[in-house]
Number of protein chains: 2
Amino acid sequence: MNIERVKSQMRKGVLEYCILSIISKDEVYASDILQTLKDAKLIVVEGTLYPLLTRLKNDGLLNYRWEESTSGPPRKYYGLTEMGQKFLQEMDATWEELVASVNQTTSKTKK
Amino acid sequence: MNIERVKSQMRKGVLEYCILSIISKDEVYASDILQTLKDAKLIVVEGTLYPLLTRLKNDGLLNYRWEESTSGPPRKYYGLTEMGQKFLQEMDATWEELVASVNQTTSKTKK
DNA sequence: CCCAGTACTTTGCAATACAAGGTATCATAA
DNA sequence: TTATGATACCTTGTATTGCAAAGTACTGGG
């Protein structure tokens with residue numbers, strides 16, 4: 001048992017939420033998302049992100065378009081579908097609830 | 001894909017943290033923990049909690065003592081070990097970091 | 001004696017983050 | 001033309017772990 005495992009574990013639960021949120025702000029491709037997550041200290045590797053994007057797309061929350069690049073192979077630029085936007089709103093609420101629950105549970109006051 | 005799955009997923013990451021925190025406040029047995037979590041709207045079932053307690057105990061974060069009950073079988077009352085207390089402090093910091101990361105990532109400001 | 005209530009445990013399954021390796025495209029330079 | 005490096009996307013195998021469901025065991029009342 002180490003603290004890194006815990007961090008990774010906590011990260012898991014909010015990954016989809018963060019990724020949908022990032023995509024909601026701007027059309028982005030995978031490397032953009034990785035960079036944004038990294039900036040926020042939410043380390044994620046390619047092997048995690050790609051399957052997740054595919055899953056979200058298959059669930060109808062995302063769509064994408066190919067775009068040529070001047071410096072390499074073409075990129076998939078992702079955007080939120082209407083369903084994805086609705087889902088993101090629900091996730092906002094879910095996250096707020098979770099924060100409230102954790103704060104209540106871990107408050108330093110002895111019950 | 002439904003929102004319930006997302007809630008469950010988010011819950012996972014903080015379960016151990018919440019449970020350690022609950023135990024840090026008072027010696028409790030499994031049903032106490034379940035009730036506290038339920039009060040905080042963090043629904044957890046027995047099949048989740050018991051293996052988790054066993055794992056935390058095997059990792060040296062918890063210990064327990066048996067106590068007779070007047071209304072059923074004896075109960076395991078859990079308490080934090082010294083290592084468990086240290087670990088809880090680290091988890092406090094980890095949780096704070098995660099909240100900061102998520103807030104940064106999901107802030108409504110277009111980057 | 002059985003039954004209901006309480007408490008702890010175990011088994012099998014499904015979801016999924018990650019490590020590691022693979023395939024494909026493009027620009028540059030020998 | 002061929003080799004190299006950078007970029008981008010994809011796949012496979014593994015380990016973890018929450019959960020549903022079923023099981024075991026102790027207690028007291030009818």
Side-chain angles (χ1 to χ4, degrees), chain A residues 1-20 27-38 42-59 61-78 98 101, chain B residues 1-20 27-38 42-59 61-78 98 101:
Chain A
M1 169 77 104
N2 70 9
I3 197 73
E4 283 309 318
R5 202 192 54 72
V6 173
K7 288 189 187 183
S8 165
Q9 191 65 17
M10 286 190 181
R11 215 157 41 217
K12 281 190 189 185
V14 296
L15 249 190
E16 290 176 0
Y17 173 41
C18 289
I19 289 171
L20 279 188
E27 276 209 318
V28 287
Y29 74 109
S31 296
D32 290 333
I33 298 174
L34 285 172
Q35 189 57 50
T36 305
L37 291 173
K38 196 177 166 191
L42 289 166
I43 305 303
V44 171
V45 295
E46 286 190 321
T48 299
L49 183 60
Y50 282 107
L52 207 157
L53 288 173
T54 302
R55 197 163 68 242
L56 293 174
K57 195 215 114 206
N58 289 339
D59 288 336
L61 305 181
L62 298 181
N63 50 27
Y64 64 80
R65 60 183 170 75
W66 285 102
E67 183 164 311
E68 298 296 319
S69 163
T70 58
S71 62
R75 303 166 174 174
K76 278 186 176 177
Y77 275 85
Y78 285 91
L98 181 75
S101 293
Chain B
M1 169 78 105
N2 70 8
I3 198 71
E4 283 310 318
R5 201 191 54 73
V6 173
K7 287 188 186 183
S8 165
Q9 191 66 13
M10 285 189 181
R11 215 158 40 216
K12 282 190 189 184
V14 296
L15 249 189
E16 291 175 0
Y17 173 41
C18 289
I19 289 170
L20 280 188
E27 275 209 320
V28 287
Y29 75 110
S31 296
D32 290 333
I33 298 174
L34 285 173
Q35 189 57 50
T36 305
L37 290 174
K38 196 178 166 190
L42 289 167
I43 304 305
V44 172
V45 296
E46 286 189 322
T48 298
L49 183 60
Y50 282 106
L52 206 158
L53 288 173
T54 302
R55 196 164 68 241
L56 293 173
K57 196 214 115 210
N58 289 339
D59 288 336
L61 305 181
L62 298 181
N63 51 28
Y64 64 81
R65 61 182 171 74
W66 285 102
E67 185 163 309
E68 298 297 319
S69 164
T70 58
S71 62
R75 302 166 175 175
K76 278 186 176 176
Y77 276 82
Y78 286 92
L98 182 75
S101 293

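Just so we're clear, the structure is a prediction, and the values are computed from it rather than from any experiment. Throughout, protein chains are lettered first and strands after them, A, B, ... in sequence-line order, and every chain is numbered starting at 1.
- The side chain of B:Leu52 lies closest to D:dG18, out of D:dG18, C:dA17, C:dT9.
- In this entry the distance linking NZ of A:Lys57 with P of D:dC9 reads 14 Å, nearest Å.
- A donor-acceptor contact under 3.5 angstrom links the side-chain atoms of B:Glu46 to the base of C:dC8.
- A straight line from CG of A:Leu49 to P of D:dT7 spans 17 Å, rounded to a whole angstrom.
- Among C:dA19, C:dA17, D:dC19, the nucleotide with an atom closest to any side-chain atom of A:Val45 is C:dA19.
- Rounded to whole Å, atom P of C:dA24 lies 16 Å from atom OH of A:Tyr50.
- Residue B:Arg11 places at least one side-chain N or O closer than 4.0 Å to OP1 or OP2 of D:dC19.
- In terms of position along DNA chain D, the nucleotide closest to A:Pro51 lies nearer the 5' end than the nucleotide closest to the other residue of the pair B:Gly72 and A:Pro51.
- Distance from the side chain of A:Lys76 is smallest for D:dC9 among the nucleotides C:dA17, D:dC9, D:dG18.
- Atom NZ of B:Lys12 and atom P of C:dA14 are 14 Å apart (whole Å).
- The residue B:Ser31 sits close only to the backbone: its heavy atoms come under 4.0 Å of sugar-phosphate atoms, none of a base.
- The side chain of A:Glu68 has C:dC26 as its nearest neighbour among D:dA25, D:dC9, C:dC26.
- Comparing D:dC9, C:dC8, D:dC19 against the side chain of A:Ala30 picks out D:dC9 as the nearest.
- Atom CG of A:Leu62 sits about 9.0 Å away from atom CD1 of A:Ile19, to the nearest 0.5 Å.
- In this structure, B:Arg55 atom CZ and C:dC8 atom P are separated by 18 Å, rounded to whole Å.
- Between D:dG18, D:dC26, D:dA8, one nucleotide has an atom nearer to the side chain of B:Leu15 than all others, and that is D:dG18.
- Residue B:Ser71 is classed as a sugar-phosphate contact, given heavy-atom separations below 4.0 Å to backbone atoms only.
- Residue B:Ser8 is classed as a sugar-phosphate contact, given heavy-atom separations below 4.0 Å to backbone atoms only.
- Proximity of A:Leu15 to A:Leu42: side-chain heavy atoms (C-beta onward) are nowhere separated by under 4.5 Å.
- At a threshold of 4.5 Å between non-hydrogen side-chain atoms, the residues A:Tyr78 and A:Glu27 do not count as touching.
- Nucleic acid contact for A:Thr54: none, since no nucleic acid atom lies under 4.0 Å from a heavy atom of the residue.
- In this structure, B:Lys7 atom NZ and D:dG18 atom P are separated by 19 Å, rounded to whole Å.
- Atoms CG (B:Leu53) and C1' (C:dT9) sit 12 Å apart, rounded to a whole Å.
- Under the 4.5 Å side-chain criterion, counting only non-hydrogen atoms from C-beta, A:Tyr77 is in contact with A:Tyr29.
- Put simply, the side chain of B:Thr36 gets close to the backbone of B:Asp32: a donor and an acceptor are under 3.5 Å apart.
- Of the candidate nucleotides D:dC9, C:dT10, C:dG5, C:dG5 has the atom nearest to the side chain of B:Pro73.
- When the P atom of D:dC10 is taken as reference, atom CD1 of A:Ile33 falls 12 Å away, rounded to whole Å.
- Judged by distance alone, with hydrogens and angles left aside, the side-chain atoms of B:Thr54 form a donor-acceptor pair with the main-chain N or O of B:Tyr50 at under 3.5 Å.
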